[in-house]
Amino acid sequence: MSVAREHAKERLIVALDVEGRAAAEALVEAIGDEAIFYKIGYQMVFGGDGLALAQSLKAAGKKVFLDVKLHDIPNTISHGVDAIAAMGLDMVTVHAYPQTMRAAVTAAQGSSLTVLGVTVLTSMDDADLTAAGYAHAARDTVLARARDAASAGMGGLVASAQEAAGIRGAIGADMALVTPGIRPSGSETGDQKRVVTPADAIRDGASHLVVGRPISAAGDPKTAAKDIVEEIFLASNSQ
Ligand code: C5P
């Protein structure tokens, strides 16, 4: 496989949102060499022995994004991120509060862990932010936190693919921009209301795409992953 195709493969992150470790391992096995990067979230960490799974994926040469959206006092963040970096994992999420981000960035220094900021959860709209005591609208808050993340030296951000272009404009070319809500054209949207195709997300500045059900619920997950990598490859080449 060419270097460019390998690079496209590194940009696909498959969400392991399945029931238990055995199901996750079966999915990884079914996908085989067509994906390198896997996302482990709350369901797997608390219900599927997810940290042990993360370590076995790393031992098998895969990459792991631990999506646990940390937020706590700096001392606690620092010890937590330090421990995640020591596991050799590749990405972790923290909420994009400046204090939290600074502690996480310092703790990850010198390791291969990329710390990603979550700006505003996509389940929150302007009314939810007002109810929670925030003074600004969701879009403005997303962009302000994206700039805060860049100032804190963060490795990247997680954002809806629909926000990718605006955020890429605010943070410049270097930070990772990891986008869920991806659906290849013609696939089921499920509960996702605002979806973007892999090609459009790449063109809008996403560096990595998080894809769950279009792969995990496909009859043939290996081919589903391969097709998405091909779409990423073609879109990156036409940039
Ligand atoms: O199955 P699907 O492709 O919709 O999965 C998307 C993954 O990205 C899930 O793990 C979901 O929790 C995560 N995610 C999301 N939207 C966000 C943040 C994370 O869908 N705004």
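One-based numbering, in listed order, for ligands and for the atoms of each. Treat the numbers as computed from the prediction; the structure is a model and nothing was measured.
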May I have all residue pairs that pass ring-ring contact (aromatic ring centres under 6.0 Å, His included) and include part of residues 48-107, sequence neighbours excluded? H71-Y97
Determine the minimum heavy-atom distance between A176 and L116, stating which atoms define it. CB-CD2, 4.2 Å
Under-4.0 Å salt bridge between D17 and R213: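 Result for this pair is no, no salt bridge flagged.
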Ordered by chain then number, the protein residues lying under 4.0 Å from ligand 1 by heavy atom are A15, D17, K39, T122, P180, R183, Q192, V210, V211, G212, R213, P214
Quick one: pull up CD1 in I202 and CZ in R11 and give me the separation to the nearest 0.5 Å.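 CZ of R11 is found 3.5 Å from CD1 of I202.
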When rounded to the nearest 0.5 Å, the distance separating CZ of R168 from CZ of R203 is 15.5 Å
Is the closest side-chain heavy-atom distance between I36 and E6 below 4.5 Å? yes
